[in-house]
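One structure below.
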Amino acid sequence: MQITTYDTTPYDDQKPGTSGLRKKVKVFQQPGYLENFVQSIFNSLEDFHGKILVVGGDGRYFNRQAIQTIIKMTAAAGFGELIIGQGGLLSTPAVSHLIRKYAAFGGIVLSASHNPGGPDEDFGIKYNVSNGGPAPEKFTDALYANTRIINNYRIAAIDDIDLDTLGELDIDGLKIRIIDSVADYAELMANIFDFDLIRQSIAAGLITLKFDAMHAITGPYAKHILEEVLGAAPGSVFNAVPLEDFGGGHPDPNLAHAHELADLLLGDHPPVFGAASDGDGDRNMVMGAHIFVTPSDSLAIMAANAKLIPAYAQGISGVARSMPTSQAVDRVAVKLNLPCYETPTGWKFFGNLLDAGKITLCGEESFGSGSDHVREKDGLWAVLFWLNLIARKRQSVADIVHEHWQTYGRDIYCRHDYEAVDSDTANAIVERLRSQLATLSGETLGGGYTVKYADEFCYHDPVDGSVSSNQGIRIGFTNGSRIVFRLSGTGTVGATLRIYLECYERDASKCHQDAQIALAELIAIAEQLSEIKKRSGRNEPSVIT
Ligand code: G1P
Ligand code: ZN
């Protein structure tokens with residue numbers, strides 16, 4: 001195999017964020033930009049000679065081209081085998097599963113998740129390690145350091161590979177397997193859930209459903225599992241063909257972006273169940289007839305009912321949530337006497353807890369939940385969990401949620417995002433918040449919210465002892481309410497400021513309030529403390545979820 005070494009110079013903006021490197025496609029198309037980053041990944045790894053690498057992406061614009069480059073660089077780097085999804089397609093949870101199933105050294109996921117795709121939109125690249133999860137901070141720090149000093153990259157002189165034909169190739173000792181993108185994942189799901197029961201409930205008409213794949217990666221997965229295997233009516237899965245630009249939409253499963261699904265479920269003749277997933281298939285939105293389930297509630301309900309699912313029937317070892325996620329799951333953990341962990345935002349922090357067997361279920365407010373079956377959040381897994389639950393409990397989604405609130409009370413929750421804020425303005429807002437932390441405790445704000453604690457979240461990993469500081473500003477009140485401020489680590493334009501708001505309602509008769517109304521006073525306090533509207537010149541958040 002002929003290998004050419006090309007001289008290069010570093011780009012200074014290749015610091016991985018919450019979930020890998022995300023930039024505009026045009027940035028990735030700069031000469032050597034992708035190559036520098038991929039070579040820096042390889043330069044940060046040791047002892048991978050002859051081992052397996054899994055590669056796939058969500059099918060967005062630049063996916064195929066990037067994969068061809070990565071194949072040539074992988075060959076030059078000396079891996080022994082490449083496993084690639086047909087057409088270059090693999091969902092993020094499927095990559096995680098394949099790494100684990102085939103004992104791969106690691107995997108590369110090409111995706112910018114829920115960000116829009118197309119020549120003028122976003123692209124991304126993320127490295128996952130041998131447990132199937134996102135690389136830990138120690139690795140991404142080393143990777144970033146390597147991007148700052150890189151001076152060459154290596155490419156093998158091989159032809160472009162046909163990504164669409166299943167099969168095996170051998171190129172000068174490098175084995176390349178093009179595999180069915182869906183099969184291994186579908187088999188895993190069948191081993192976790194009671195497919196027979198779900199199939200019967202669908203056949204009996206007890207469950208009708210709609211799934212919005214948002215023209216993204218879960219289309220082929222959902223079509224196969226929900227329609228072909230479980231027998232949902234043809235057309236139950238819609239927007240099912242992955243498109244390079246996601247049909248011009250934001251493949252982000254929330255009420256704002258998955259409005260086609262929301263209109264169906266909140267409309268006149270809704271199905272029993274509705275769900276959507278994002279660009280790369282790790283997020284989920286769950287709805288029932290006339291009800292939207294917040295991701296924080298969804299996690300709590302899954303934890304409370306896990307024993308009804310075959311894979312978790314023996315009990316779960318513990319639960320975890322990211323810090324800004326509502327405290328609903330904490331209440332379940334107390335009642336079921338389970339350990340409950342609070343981690344920084346981003347799935348990578350759950351990996352150690354899952355590997356050590358300290359938790360079985362985990363989730364984030366940002367429409368992500370998952371379990372120890374892989375090391376990523378998993379959109380379709382959550383959908384199947386809910387279908388299994390509905391089939392077992394023979395209850396509507398609304399009844400399941402209301403019963404939960406009856407037992408545990410409701411953590412009324414919402415998140416306000418201010419997107420594309422000028423970076424200096426955003427940093428000044430965070431500094432302003434920081435400067436108040438020392439003196440806020442004990443103060444009463446608004447009409448009777450007394451501050452119990454005000455700090456910046458710092459995580460001490462109980463497994464490896466690592467410390468992650470500056471993970472968001474938290475202000476907790478004596479009545480259990482909470483406001484959290486964070487800067488996004490996944491945005492690609494300016495800064496995105498997130499405000500997370502929650503209050504607790506124990507009285508089930510008051511649990512049905514509209515979140516924006518119930519949280520109005522906290523929203524006003526958040527503005528008083530941060531002056532986001534005043535300083536950014538915005539009248540309202542860009543997105544409310
Ligand atoms: C966002 C979410 C976070 C999630 C990440 C990747 O990150 O808030 O929970 O893990 O996307 O899907 P952020 O932009 O807030 O850094
Ligand atoms: Zn995603």
Side-chain angles (χ1 to χ4, degrees), residues 15-22 56-60 90-96 109-117 122-126 128 133-134 137 140 213-214 216-218 221 242 246 250-254 257-258 276-285 294-296 299 320-326 342-351 362-370 374-382 413-421 426 430 457 468 470-473 484-500 542-543 545:
K15 188 174 171 55
T18 312
S19 198
L21 183 70
R22 280 189 204 169
D58 63 9
R60 67 180 59 227
L90 284 175
S91 76
T92 289
V95 169
S96 186
V109 185
L110 302 166
S111 168
S113 187
H114 49 287
N115 295 10
D122 294 350
F123 189 74
I125 175 164
K126 185 172 80 155
N128 281 27
E137 267 185 351
T140 50
M214 305 191 84
I217 191 70
T218 48
Y221 291 84
F246 307 116
H250 257 266
D252 196 359
N254 57 41
H257 296 301
S277 189
D278 72 329
D280 62 329
D282 56 358
R283 294 187 174 202
N284 74 88
M285 174 167 79
T294 70
S296 297
L299 173 64
R321 62 163 171 84
S322 66
M323 184 273 282
T325 302
S326 98
E342 185 178 41
T343 58
T345 294
W347 209 260
K348 59 188 171 206
F349 295 99
F350 294 132
C362 46
E364 297 192 273
E365 51 65 42
S366 53
F367 297 82
S369 42
V374 288
R375 293 294 180 273
E376 289 278 2
K377 55 187 177 253
D378 189 344
L380 263 174
W381 167 87
Y413 186 85
C414 84
R415 180 176 112 183
H416 287 192
D417 291 340
Y418 289 82
E419 293 173 349
V421 176
V430 172
F457 182 53
S468 306
N470 301 332
Q471 297 294 327
I473 289 171
V484 172
F485 299 91
R486 261 189 81 242
L487 281 177
S488 155
T490 59
T492 53
V493 186
T496 294
L497 265 160
R498 306 201 195 282
I499 311 176
Y500 310 78
S542 328
V543 186
T545 50

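Note that ligands are numbered from 1 as they come in the structure, with each ligand's atoms numbered from 1 the same way. All values below come from the heavy atoms of this structure, side chains included, with hydrogens, waters and symmetry mates left out.
- Some N or O of K377 is nearer than 3.5 Å to an N or O of ligand 1, by distance alone.
- Ordered by chain and number, S113 OG, D278 OD2, D280 OD1, D282 OD1 make up the set of protein N, O or S atoms under 2.8 Å of the Zn ion (ligand 2).
- Of all the heavy atoms of S366, the ones lying under 4.0 Å from any atom of ligand 1 belong exclusively to the side chain.
- For R375, the salt bridge (Lys or Arg N to Asp or Glu O under 4.0 Å) partners two or more places apart in sequence, or in a different chain, are D355.
- Counting only non-hydrogen atoms, the option in R486, H114, R283 that gets closest to atom 11 (O) of ligand 1 is R283.
- Among protein heavy atoms, the minimum distance from atom 8 (O) of ligand 1 is reached at R415 NH1, 3.7 Å.
- Atom CZ of F350 is separated from atom OG of S322 by 5.5 Å, given to the nearest 0.5 angstrom.
- The contact set between ligand 1 and G346, taken as ligand atoms under 4.0 Å from a residue heavy atom, comprises 10 (O).
- In terms of protein heavy atoms, atom 10 (O) of ligand 1 is closest to E364 OE1, 2.7 Å.
- Rounding to the nearest 0.5 Å gives a distance of 5.5 Å between OG1 of T325 and OH of Y413.
- Between H250 and H257, the ring planes are parallel. Angles under 30° get that label, and only those over 60° would be called perpendicular.
- Using modelled atom types and a 3.5 Å distance limit, the side chains of S96 and N128 yield no donor-acceptor pair.
- From the protein, the heavy atom lying nearest to atom 7 (O) of ligand 1 is T490 CG2, 3.5 Å.
- Within ligand 1, counting atoms from 1 as listed, the ones closer than 4.0 Å to a heavy atom of T345 are 3 (C), 8 (O), 9 (O).
- With 3.5 Å as the limit, one finds no donor-acceptor pair spanning the side chains of D417 and T496.
- In terms of polar-atom proximity, defined here as any N/O pair under 3.5 Å, Y500 makes no such contact with ligand 1.
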